[in-house]
Amino acid sequence: SKRQGTCFIFLVGNTLNGTKIQTDLDAEQEQYRDLVQINYQESYGNVIYKEVAALLWSAHHYRKIPYLFKTDDDLIVD
């Protein structure tokens, strides 16, 4: 039988190694396996790289998904 459901991932950019933020991200990934960290500095100007990374990640891991919904922390869905 096919497994159906919803998959949530969080795309984040690079942080400075050794920072508290990176340590927290590493702990999150270890516990939940829900992060995709891309090789671009986390910034508003680099958000397009996160957009492309989301598409590439989904095409690689979930090639036949019927829907892909991408949102940001400043978006309200009603």
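The shown structure was predicted, so the numbers you read here are calculated from the model rather than taken from an experiment.
Remark: side-chain polar atoms of Gln29 are paired, donor with acceptor, to backbone N or O of Asp34 under 3.5 angstrom. The backbone N or O of Gly13 lies less than 3.5 Å from a partner atom in the side chain of Gln37, making a donor-acceptor pair.
Rounded to the nearest 0.5 angstrom, Asp78 CG and Leu75 CG are separated by 11.0 Å. A distance of 6.0 Å separates CG of Leu55 from CG of Leu68, quoted to the nearest 0.5 Å. Note that CD of Glu28 and CG of Asp26 are 10.5 Å apart. Values are rounded to the nearest 0.5 Å. Atoms CZ and OH, from Phe10 and Tyr32 in turn, are 10.5 Å apart once rounded to the nearest 0.5 Å. With values rounded to the nearest 0.5 angstrom, His61 atom NE2 is found 11.5 Å from Arg63 atom CZ. Note: Lys50 NZ to Ser43 OG = 8.5 Å, rounded to the nearest 0.5 Å.
Closest approach of Ile9 and Cys7 over heavy atoms only: CG2-SG, 4.0 Å.
At least one side-chain heavy atom of Phe69 sits less than 4.5 Å from a side-chain heavy atom of Val77. Side-chain contact between Glu42 and Asn14: absent, with no pair of heavy atoms (C-beta onward) separated by less than 4.5 Å. Side-chain contact between Leu25 and Val12 is present, with at least one heavy-atom pair separated by less than 4.5 Å.
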Pair Ile48-Glu51, side chain to side chain contact (heavy atoms under 4.5 Å, CB included): steps then yes or no: CA-CA 5 Å; Ile48 189 65; Glu51 306 272 345; 4.3 Å; yes

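Residue Asn39 qualifies as open at atom CG: its count of foreign heavy atoms under 6.0 Å is 12 or below. In this structure, Ile21 places its CD1 atom where only 12 or fewer heavy-atom neighbours from other residues, nucleotides or ligands lie under 6.0 Å away.
Note on ring orientation: taking the six-membered ring where Trp is involved, the planes of Tyr40 and Tyr49 are parallel (angle under 30°, cut-offs 30° and 60°).
Put simply, Phe8 and Leu56 are part of two different groups of oily side chains (I, L, V, M, F, W, Y) that touch within less than 4.5 Å, one to the next.
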